Amino acid sequence: MTIPRVRFAPSPTGYLHVGGARTALFNYLFARHSGGAFLLRIEDTDRERSSSEMTGQILDAIAWLGLEVDEPPVHQADGLERHQADVASLLRAGRAYRCFAAQEELEVLRAKSRRDVTPFRYRSSDAYDEAEAERRAAAGEPHAVFFEVPAGDITFDDAVHGPTTVPGDSLDDFVILRSDRTPVYNMAVVSDDVHMAITHVIRGDDHLSNTPKQILIYEALAADLPVFAHVPMILGPDGKRLSKRHGAASVEAYRDEGILPEAMVNFLALLGWSPGHDRELMRLPELIEAFTLDRILKKAGVFDSKKLEWLNGKYLDAAATERLVPLVLDSLDGEGRSIAAADPDRFAAVVNLQKTRARTVPEVGRASLRYLVDPLSYDEASVEKHWLKEPQAAREILSAERDALAAAEPFDAEALEGPLRAIADDRGLGFGKVIGPLRVALLGVQDSPGIFDVMTLLGRDRCIERIDRALSEIERIGAS
Ligand code: GLU
């Protein structure tokens with residue numbers, strides 16, 4: 001069996017979009033699953049719109065996702081001479097022909113074939129004179145080269161969409177080499193895929209309409225056809241094709257928003273592919289193990305950013321704290337960073353605690369700073385719910401808690417638990433009712449990790465200072 005070789009072929013005209021990243025990932029997963037090679041081709045023939053900076057960003061994004069490329073990237077623009085040579089061989093084989101007609105003349109002929117409902121075939125029209133074309137070519141006159149579409153159906157078995165037939169009569173003869181001697185996209189792609197010995201072309205189904213033309217070129221070059229697998233588009237929540245309008249759409253933007261690569265990979269894999277079970281958390285090795293083309297879904301996947309964040313939360317929880325600390329530091333502004341850096345051990349301990357309940361890296365950062373920065377800012381909804389509904393009761397509970405914290409010896413979970421539970425029991429309240437006001441006093445928010453962990457990390461003095469401030473805040477707000 002031939003060893004599969006696949007490629008991801010981005011055009012470096014913008015950042016790596018999540019749709020492109022998913023195509024790259026599917027290629028990678030297929031290559032690794034089948035023991036094949038994952039290659040990269042930078043389709044940089046559009047000199048005006050391509051840039052080496054964008055190529056660099058795309059390579060970075062692929063590396064960040066953890067997709068290792070097996071050979072140095074191929075640059076399509078480097079293949080120009082081969083593209084031209086392949087066109088020359090199609091001319092020699094009689095599968096292509098030279099055209100010296102002016103644009104306007106071709107437009108008239110095209111319009112006529114549309115009226116007659118016949119495909120545009122320049123070579124068999126009265127306007128074409130082979131001997132004349134040869135003579136002008138020999139004299140070095142610039143001209144375009146057309147591919148002559150043969151009669152008959154074009155059939156292929158798409159690994160996602162199944163058997164597909166396109167009647168040859170539905171295709172016009174098409175340009176493969178422009179008069180400036182640059183190849184058109186379909187020509188360059190086939191020439192490169194043959195040259196790179198690509199066995200499976202896995203790409204977005206926006207390329208489905210190019211495939212019949214590419215197949216004709218393969219056949220005319222007497223090259224083996226690859227397997228085609230056209231992956232459905234990604235849609236935004238409004239059912240339209242995902243784009244910048246839907247918010248962040250590049251992989252870099254998600255990285256900068258604090259998404260971990262393993263979460264992005266897991267999320268993208270499940271967007272348009274199904275492992276055949278309903279387990280949602282899958283890391284690269286498991287994805288590789290499970291990935292087959294026949295499980296790619298035909299239906300477009302809808303990008304659900306809530307799900308991405310949910311997955312990210314799971315991976316944040318699982319990530320080693322030493323790995324997260326620098327990422328969290330990076331997500332803070334200058335002031336936050338110096339506060340965190342001033343007490344690195346405590347910051348790491350706080351990150352270790354907060355990573356279990358955040359969905360993004362900056363969320364861990366914001367939550368962690370609450371332990372280190374005074375005066376604490378209070379979340380309005382939390383204050384409203386836990387302090388201001390019954391300000392008198394909240395103050396009374398907090399005062400009792402202050403006494404309990406001051407007396408606990410040593411200051412740890414074991415010593416604190418009994419007295420705090422007693423405060424609830426004495427008042428006939430659930431434990432949650434007496435912990436709510438305390439959470440807001442200690443961290444300014446109603447959601448926090450286990451209260452004993454929070455107290456131990458803050459330390460007795462800071463806890464008492466914060467309770468004191470809470471008591472005067474409640475009095476102040478309650479009175480106004
Ligand atoms: N460069 C094309 C694109 O970015 C991909 C071509 C292909 O995969 O065949 O859409």
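The structure presented is a predicted model; accordingly, all values stated were derived computationally and were not measured. Whatever order the structure lists them in is the order used to number ligands and atoms, beginning at 1. Note that these values count all heavy atoms, side chains included, but never hydrogens, waters or copies made by symmetry. In this chain, residues are counted from 1 in sequence order.
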Validation row: D60, L16 side chains within 4.5 angstrom (heavy atoms): no

H200: partners by ring-ring contact (aromatic ring centres under 6.0 Å, His included), with sequence neighbours left out: F30

Ligand 1 polar-atom proximity to protein (N/O, under 3.5 Å):
unit_1: ligand 1; atom_1: 1 (N); unit_2: A9; atom_2: O; d: 2.7
unit_1: ligand 1; atom_1: 1 (N); unit_2: S11; atom_2: OG; d: 3.1
unit_1: ligand 1; atom_1: 1 (N); unit_2: E43; atom_2: OE1; d: 2.5
unit_1: ligand 1; atom_1: 4 (O); unit_2: S11; atom_2: OG; d: 3.4
unit_1: ligand 1; atom_1: 8 (O); unit_2: R7; atom_2: NH1; d: 2.8
unit_1: ligand 1; atom_1: 9 (O); unit_2: R7; atom_2: NH2; d: 2.8
unit_1: ligand 1; atom_1: 9 (O); unit_2: Y185; atom_2: OH; d: 3.3
unit_1: ligand 1; atom_1: 9 (O); unit_2: R203; atom_2: NH1; d: 2.8
unit_1: ligand 1; atom_1: 10 (O); unit_2: H207; atom_2: NE2; d: 2.7

Would you say H33's side chain and E289's backbone share a donor-acceptor pair under 3.5 angstrom? yes

Check R135 with D129, please: is the shortest side-chain N to carboxylate O separation under 4.0 Å? no

Suppose the criterion is ring pair (Phe, Tyr, Trp, His ring centres under 6.0 Å): which pairs have a residue in residues 306-349, not counting sequence neighbours? none

Any side chain to side chain donor-acceptor pair (under 3.5 Å) pairs touching residues 2-14, not counting sequence neighbours? R5-E71, R7-D193

